[in-house]
Amino acid sequence: MTAIISTAYSRDLGDELRRLRENNTSFGGRAMAVQLGWDPSKVSNIETGKARATEVDLAQYFATCGKDLDYLLDFTSRYRHAFDLYFAQVPENLRTLTMVENMATKIFAFEILSIPGLLQTEAYAHALFVETGCESLEDIEKFVALRMERQSIWRRPYRPECVFYVHELALRMRIGDAKVMEDQYLRLLFNAHIVRIVPANAVGLALHSPLSLFDFGKASPLAYSETDLAKVFAQDASAIKSSRTLFERLDAVALDEEQSRSMLAAYVSGLREDPHGHRTDLA
């Protein structure tokens, strides 16, 4: 077992091991260590992603959980990348991202063409998946439910400190009908204390990719971005430095809380003044 700085993926896969133990054995962590002949801290460190297990360790662990060779090989193929400082996942995989959001103490996010997922209304999320070409109604309902589930962080007694930088282009993009947009504007207005609008004339910032930066209590910070093809997690020092530089620039350019609140209110008013809901330049 090799000690190393944990990553989002190592914590995700470690948690997968913990759930496997709990679902397939009667052992607690200490009893599992006794069964395997390990030091008690070893099980804890592996299950929290703080240490890399060897292939022999994993073979012993899975055998104790009653899993076969195919199960071991599948997990091992993923575990090889558990401690990579850069790693990508398919868009449909939300486990690691959800775990990151729930562990974070601070979240900084920048969105250009859509509202941040953690602040989307259910109707807006549904319309967004339709607009992006998700053809199956079953898939749309599944993805919307997962997005709403991620918003459970707002019901936690200790929520992360958040700042969401939303480019004005996202406000101008018509997703769904006028009612959908009005409710979405109102959701942002209700959360105006954590929303900073980046004005439309900040063209250079609109050319960046959407980005999130997560800080944790003890774990290393993490930068995150996504495309239609992959979710990308980066924990390398240079990636974190460039991400912080971008958010410093956003902080300097974005409207302050009161200005952002006024702009959002203007978008709501503009939408209500347009009986047909065809305008896109609402402010």
Side-chain angles (χ1 to χ4, degrees), residues 101 104-129 131-132 144 147-148 150-156 159-215 224-226 243-283:
E101 290 172 338
T105 56
K106 294 181 181 179
I107 300 176
F108 302 92
F110 176 43
E111 286 287 348
I112 299 100
L113 297 178
S114 63
I115 305 304
L118 290 175
L119 292 177
Q120 290 177 9
T121 65
E122 186 171 347
Y124 179 94
H126 189 281
L128 186 61
F129 283 119
E131 292 286 352
T132 52
V144 170
R147 184 155 296 181
M148 295 301 104
R150 285 171 52 203
Q151 296 182 7
S152 64
I153 66 169
W154 303 125
R155 299 191 290 273
R156 283 167 39 190
R159 305 173 186 174
E161 295 178 32
C162 298
V163 182
F164 295 94
Y165 293 91
V166 182
H167 202 286
E168 192 178 354
L169 290 175
L171 304 181
R172 294 184 175 185
M173 293 287 286
R174 178 58 55 85
I175 305 297
D177 59 22
K179 175 61 175 171
V180 169
M181 291 306 301
E182 180 179 352
D183 288 346
Q184 183 59 73
Y185 293 150
L186 289 172
R187 174 78 181 273
L188 293 176
L189 192 56
F190 179 77
N191 290 281
H193 59 293
I194 56 174
V195 175
R196 301 279 304 280
I197 303 300
V198 180
N201 60 11
V203 178
L205 287 167
L207 301 178
H208 280 267
S209 299
L211 178 69
S212 294
L213 180 63
F214 300 93
D215 283 330
Y224 168 82
S225 189
E226 63 181 69
S243 297
R244 292 203 189 282
T245 298
L246 175 61
F247 281 106
E248 288 171 3
R249 183 181 173 194
L250 286 165
D251 186 61
V253 171
L255 305 181
D256 63 25
E257 179 181 335
E258 288 308 314
Q259 291 170 327
S260 297
R261 191 186 302 274
S262 296
M263 178 175 283
L264 289 168
Y267 269 81
V268 173
S269 299
L271 192 59
R272 290 173 175 174
E273 291 168 4
D274 177 10
H276 303 293
H278 293 314
R279 291 175 57 187
T280 57
D281 54 337
L282 299 177

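- Tyr224 pairs by the ring-ring contact (aromatic ring centres under 6.0 Å, His included) definition with Phe233, not counting sequence neighbours.
- By the side chain to side chain contact (heavy atoms under 4.5 Å, CB included) test, Glu248 pairs with no residue at all, sequence neighbours left out.
- Atom CE of residue Met181 and atom CZ of residue Arg172 lie 12.0 Å apart, to the nearest 0.5 angstrom.
- Between Phe247 and Leu213 the shortest heavy-atom distance is CE1-CB, 3.7 Å.
- The environment of CD in Glu257 is crowded: more than 12 heavy-atom neighbours from other residues, nucleotides or ligands sit within 6.0 Å.
- The two atoms that bring Leu169 and Ala206 nearest to each other are CD1-CB, 3.8 Å, heavy atoms only.
- Listed here is the closest heavy atom pair of Val253 and Ala202: CG1-CB, 3.9 Å.
- Between Arg244 and Leu246 the shortest side-chain heavy-atom distance does not fall below 4.5 Å.
- A donor-acceptor distance shorter than 3.5 angstrom exists from the side chain of Gln120 to the backbone of Ile115, with no hydrogens or angles considered.
- In plain terms, the two heavy atoms of Trp154 and Arg159 that are nearest each other are O-NE, 2.6 Å.
- The heavy-atom pair separating Ala104 from Phe214 by the smallest distance is CB-CD2, 3.9 Å.
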Apply salt bridge (charged side-chain N to carboxylate O under 4.0 Å, His left out) to Asp183 and Arg187, showing your working. CA-CA 6 Å; Asp183 288 346; Arg187 174 78 181 273; over 6 Å; no
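- For the side-chain contact (heavy atoms from CB on, under 4.5 Å) with Val195, the lone residue among Val163, Val166, Leu189 that qualifies is Val166.
- Distance alone, capped at 3.5 Å, places no donor-acceptor pair between the Glu161 side chain and the Phe108 backbone.
- Arg196 has its side chain within reach of Asp251: a pair of non-hydrogen atoms, C-beta onward, lies under 4.5 Å apart.
- In terms of modelled atom types and a separation under 3.5 Å, the side chain of Glu168 and the main chain of Ala200 share a donor-acceptor contact.
- Remark: the backbone N or O of Gln184 is not paired with any side-chain donor or acceptor of Thr121 at under 3.5 angstrom.
- The CG atom of Leu171 sits 6.5 Å away from atom CG of Leu188, with the distance rounded to the nearest 0.5 Å.
- Residues passing the side-chain hydrogen bond (donor to acceptor under 3.5 Å, both in side chains) test with Lys106: none are found, sequence neighbours excluded.
- Asp256 places a side-chain N or O within 3.5 Å of a backbone atom of Gln259 that can act as its donor or acceptor partner.
- Within the 4.5 Å cutoff, the side chain of Arg249 has heavy atoms near those of the His208 side chain.
- Listed here is the closest heavy atom pair of Leu271 and Arg174: CD1-NH2, 3.5 Å.
- A donor-acceptor pair is defined here as one N or O able to donate and one able to accept, closer than 3.5 Å; such a pair exists between the side chain of Ser225 and the backbone of Pro210.
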Glu258 vs Arg261, salt bridge (charged side-chain N to carboxylate O under 4.0 Å, His left out): CA-CA, chis, key distance, verdict: CA-CA 5 Å; Glu258 288 308 314; Arg261 191 186 302 274; 3.8 Å; yes
